[in-house]
Number of protein chains: 2
Amino acid sequence: MSSIQYALLSLLAREQLSGYDMKQQMNGRINFFYKINNNQLYPTLSKLESEGYIQLQSHERESYRPAKKIYKITEKGIESLKAWVVEPSEPGAWDEFLLKQYSSWLVEPEVMLAQLAERRKEHEARLGQYTAKVALLRGQEERITADHPLFSSIAVIEMGILFERGYIEWCDKMIGWLRENRI
Amino acid sequence: MSSIQYALLSLLAREQLSGYDMKQQMNGRINFFYKINNNQLYPTLSKLESEGYIQLQSHERESYRPAKKIYKITEKGIESLKAWVVEPSEPGAWDEFLLKQYSSWLVEPEVMLAQLAERRKEHEARLGQYTAKVALLRGQEERITADHPLFSSIAVIEMGILFERGYIEWCDKMIGWLRENRI
DNA sequence: ATGTGCATGTAACTCGTTACATGATTGA
DNA sequence: TCAATCATGTAACGAGTTACATGCACAT
């Protein structure tokens with residue numbers, strides 16, 4: 001199963017929406033980070049409905065337009081979303097991780113805390129690897145100018161380092177918020 | 001054109017390699033961040049060769065194994081890589097951006113500096129939007145507990161904020177390195 | 001007249017993934 | 001003996017993108 005279905009469920013877990021509404025929310029940045037197109041959207045909605053994860057709530061026909069089909073998440077839908085949120089996504093699957101966080105309010109805080117601790121450890125490890133790698137590369141030449149391949153190699157890893165630091169910082173913040181039960 | 005071809009060119013711009021070597025470098029994390037599989041690799045190499053971006057350097061047959069085909073980048077290949085590096089990638093195309101940075105050593109520092117200044121501005125703007133969005137969401141409820149959808153909405157955007165800050169910090173570092181012509 | 005928004009959906013395509021195939025060598 | 005490594009490559013599938021189709025309302 002790909003993430004798109006869960007992206008849709010994560011929206012419906014918050015409010016009832018039509019396919020069109022979901023697309024608006026997703027493609028209008030800031031609100032959401034996952035993009036979707038019609039060809040994934042409508043077949044996926046049909047599939048989710050036929051499998052009982054969502055159900056048609058109303059069918060508002062406004063004279064001229066195609067009837068607006070408002071969907072609602074089912075109990076089964078919520079359960080499958082919760083199960084997906086807690087199963088670990090593999091390293092590098094950034095979008096998927098964010099998407100899971102977006103539905104983390106459905107999951108018990110203790111479970112999320114355990115997850116976060118593990119994630120934090122992983123990223124701490126990666127940070128260590130990157131730092132070591134940079135040290136290694138820097139040691140190869142005494143002066144590395146901008147036209148040298150090593151310049152770019154190091155620059156890219158330095159980005160990775162900043163990225164990992166941000167990730168770890170976020171884990172710490174999140175752990176604090178969960179402990180205090182407020183954000 | 002997809003990024004894979006450029007990923008291969010970016011490796012060959014540094015050293016001569018066989019398809020197998022490229023795959024090793026790419027899939028062995030830390031060294032590289034882009035993954036590739038055989039079905040993309042070998043046809044892409046053939047295509048790059050037939051179009052004159054790379055050329056076969058040697059064909060070492062080690063008795064029993066299939067002959068190891070070592071490729072070399074051509075002048076045309078380097079030129080197309082350089083052109084690709086300086087054309088702006090769209091926001092959110094994170095992998096592509098990193099990949100371009102990986103070949104930035106081929107490009108004149110002044111051009112890179114101009115690029116970086118623009119990128120920095122974009123991310124500064126995004127940071128502002130996220131900050132505003134968080135303030136807006138926080139204002140909606142006086143106390144937001146961990147089981148409330150807003151908890152997750154805010155947490156996700158807070159991640160975006162840390163991410164953008166990291167990006168801006170990296171731009172500043174990079175600008176400094178380019179100005180001093182050393183890293 | 002022309003374009004944009006609402007609201008559904010389909011067709012055709014490209015991109016990427018998983019799995020398979022060959023075949024000798026080396027290490028457990 | 002069984003799996004892993006080296007080194008090339010293909011087949012079949014699934015995911016994702018771009019473009020199209022309908023059709024009325026409303027603003028420029």
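Order of the sequence lines fixes the chain letters, A, B, ..., with proteins taken first and strands second; residue numbering starts at 1 for each chain.
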Has B:R165 got its NZ or CZ under 6.0 Å from the middle of the six-membered ring of B:Y130, at an angle within 45 degrees of the ring axis? no

How close or far is atom C1' of D:dT8 from atom CG of B:L56, stated in whole angstroms? 13 Å

Determine the interplanar angle of the A:W84 and A:Y6 rings, folded into 0 to 90°, and report it as parallel if under 30°, tilted if 30 to 60°, perpendicular if over 60°. parallel

If each of A:I4 and A:N38 is mapped to the nucleotide of DNA chain D with the nearest heavy atom, which maps nearer the 5' terminus, i.e. the 5' end? A:I4

Selected nucleotide, minimal atom distance to A:N39 side chain, candidates C:dT17, D:dT18, D:dT8: D:dT18

Is there a donor-acceptor contact under 3.5 Å linking the side chains of A:Q5 and A:E51? no

For A:I36 and D:dA15, give me the distance from atom CD1 to atom P, rounded to whole Å. 13 Å

A:L41 has an atom CG; how far is it from atom P of C:dG9, in whole Å? 9 Å

Could you state the atom-to-atom distance from CG of B:N27 to C1' of C:dT18 in whole Å? 14 Å

d(CD, A:E90; C1', C:dT18) in whole Å: 13 Å

Report the nucleotide, chosen from D:dT8, C:dC6, C:dA12, that has the shortest atom-to-atom distance to any side-chain atom of B:Y20. D:dT8

Whole-Å distance separating the CG atom of A:L8 from the C1' atom of D:dG16: 14 Å

Are A:K69 and C:dG9 close enough that a side-chain N or O sits under 4.0 Å from OP1 or OP2? yes

Among the nucleotides C:dG16, D:dT18, D:dA7, which one has an atom lying closest to any side-chain atom of B:Q40? C:dG16

Indicate, with a heavy-atom threshold strictly under 4.0 Å, whether A:K23 touches base, sugar-phosphate, or nothing. nothing

Near B:R179 CZ, under 6.0 Å, is it more than 12 heavy atoms from other residues, nucleotides or ligands? no

How about B:W94 and B:Y167: are their ring centroids closer than 6.0 Å? yes

Without decimals, in angstroms, what is the distance between A:Y34 OH and D:dA15 C1'? 10 Å

Spacing of A:I70 atom CD1 relative to C:dA7 atom C1', expressed in whole Å: 11 Å

Of the options C:dC6, D:dT8, C:dT8, whose atoms approach the side-chain atoms of A:Q24 most closely? C:dC6

